[in-house]
Amino acid sequence: MSDRAQEIYDVVGIGFGPSNLSLAIALEESRGDDPRGGTSALFLERQPSFGWHRNMLLPSATMQISFLKDLATFRNPTSSFSFVAYLHASGRLPRFVNNQDFFPTRQEFHQYLEWAQARVADRVEYGTEVTSIRLPPGTGPERADRLRLRVTDADGRTGRVIEARNVVISTGLVPSLPDGVERDERVWHSSEFLERYRRTNPAELRRVAVVGAGQSAAEITRFLYDELPHAQVWSVIPSYGYVAADDTPFANQIFDPGAVDDYYFGSEQSRGAFWRYHRNTNYSVVDDDVIRDLYRRAYDEDVRGENRLRFLNLTRVTGVKRAGAETRVTLQAGPGGEVRELDFDALVCATGYDAMEPAGLLGDLDRHCLRDESGRYQVERDYRIATAPAMRCGLYLQGGTEHTHGLTSSLLSNIAVRSGEIADSITARRAAAEPGGAVPAEAAAPAAGAGKDTVR
Ligand code: FDA
Ligand code: NAP
């Protein structure tokens, strides 16, 4: 066990993507206001170095939110960790402004994230995977004040234990494949796209298919069409055509920090309305400019009398079989509709993601987390999972709270404010636990999803 591992941290963050990076910054910036000199924190990330969806860093892909929704600005507009501060440090601020564009490329935003993480890197361990969170041996939930994390190094063999008074789980979205489809050398999920593509000889890709009608699918289709001038690129889309993401100003208000309260404290009916009316701001939709880019390519082909870019609309993938070097894909047009099989050299499933699911990490500890009647976690407004009341250590979620906090849960839009709220909650609870401290209001308030409590 290393010296570091024997320490007990006020907070350990699991995963170091943008969400927990933003939390590290919030904790750093609150240090000066804290008479105790700050909150001790450690962040554990299984990747060997910082990376934000690296396998989708396609050359022309742009951000889907304004650069002002960076790691810090909405919480602290004068932060030295803002995107504008990064541009200034890089000497590109005037030229960026001349672009007159709110949406930088994903590659530039990635550079910004790397620049920001380098400034808090002394609190991060890369190449370290958390495999479980438990109560320390011999401790029940009654008044438990710390959690024990088991971690392994990149080799998967060297294990050790770290303890924390609070754990913030931010392990990200989970790639989803169609039922009956398994990944292999020629069946890829979009989350592994560039890595797989670069390992493949482009000359062997004469006929490729991309499944899905979301942003990932459209971007990969465009990329493959441009990169493989000798290949047919098939786009298998369940809709009649790509649907545009609604990023108009009124609809965009659902991503405002204030919308979290409206969702959290709203009725079941109003929460339903968020999803019914505004799912098309994010899921199964594509940015308008990418749609037009693809249509232009298809039309230009018509003019030239070519037919390399093909669309199979109203179609879903229902299975894949390996047939020698060929990938045989079963396609179904509509429910109960015509079924057919086509062979491809590679199949890219840009079929989306499931929400973050911490139950695997929690194991037996999950029994002490309260669930609502639908079996979902009850989560307090400060993103702390509602637990058996006597448990003093905190389990916080960054992600996986769509049912309680709304659409921003898996997105960047609100990470600065959300991280600030989590940092404040941890500080307030620590102060309350000190002699003479008052119980924070959150601890007494009912959690979203509260009703008939279920302790599993
Ligand atoms: P993220 O997934 O980024 O990070 C989680 C981290 O946890 C990963 O680095 C992972 O390695 C690590 N991890 C997982 N399990 C672990 C374990 N057991 N131990 C240690 N580490 C572990 N949203 C938006 O608002 N605007 C946008 O422009 C985009 N663009 C975008 C592009 C693409 C290609 C995708 C797939 C998604 C987006 N998104 C987005 C949504 C996306 O969820 C969001 O941008 C962030 O990635 C959310 O950051 P997180 O830190 O929560 O998760
Ligand atoms: P997504 O929006 O969930 O889209 C998944 C698509 O796959 C949907 O069209 C879905 O159709 C389809 N699908 C699922 N199973 C299928 C099947 N068996 N056959 C055919 N189609 C199937 O996922 P995503 O495009 O990966 O986007 C995820 C998140 O990442 C979003 O927030 C998005 O904005 C973000 N993103 C951002 C960028 C960027 O910033 N540039 C790039 C990529 C992604 P149904 O809806 O009918 O199931």
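Treat the numbers as computed from the prediction; the structure is a model and nothing was measured. Both counts, for ligands and for their atoms, begin at 1 and track the order of listing.
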Any N or O of M56 closer than 3.5 Å to N or O of ligand 1: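 Looking only at distances, the answer is no, because the N/O contact criterion of under 3.5 Å is not met.
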Polar atom proximity, R46 to ligand 1 (N or O, under 3.5 Å):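 For ligand 1, there is an N or O atom that lies under 3.5 Å from one belonging to R46.
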Backbone or side-chain N or O of S216 under 3.5 Å from ligand 2 N or O: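 S216 vs ligand 2: N/O contact under 3.5 Å present.
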N or O pair under 3.5 Å between S284 and ligand 2: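 There is such a contact, yes.
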Answer yes or no for [X]: is there a heavy-atom contact with ligand 1 below 4.0 Å?
X	value
G399	no
T128	yes
F255	no
R106	yes
S410	yes

In the protein, which heavy atom is nearest to [atom], and how far is it?
atom	value
atom 5 (C) of ligand 1	S170 O, 3.3 Å
atom 4 (O) of ligand 1	G17 CA, 3.5 Å
atom 18 (N) of ligand 1	V130 O, 3.0 Å
atom 35 (C) of ligand 1	H53 CD2, 3.5 Å
atom 3 (O) of ligand 2	G352 CA, 3.7 Å

For [atom], which candidate among [options] holds the nearest heavy atom?
atom	options	answer
atom 41 (N) of ligand 2	M56, E219, Q332, Q64	E219
atom 38 (C) of ligand 2	Q215, H189, M63	Q215
atom 6 (C) of ligand 1	Q398, M356, E45	E45

Residue portion contacting ligand 2 (non-hydrogen atoms closer than 4.0 Å) for [X]:
X	result
T351	both
A350	backbone
T318	neither

Sub-4.0 Å protein heavy atom next to atom 28 (O) of ligand 1: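 Given the 4.0 Å limit, the answer for atom 28 (O) of ligand 1 is yes, a protein heavy atom qualifies.
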L44, portion touching ligand 1 at heavy-atom distance under 4.0 Å: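 Under 4.0 Å from ligand 1, L44 contributes backbone atoms alone.
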F67 ring center within less than 6.0 Å of F103 ring center: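 Ring centroids of F103 and F67 are no less than 6.0 Å from each other.
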Gap separating the CZ atom of R429 from the CG atom of D145, nearest 0.5 angstrom: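 Reported value, rounded in 0.5 Å steps: 13.5 Å.
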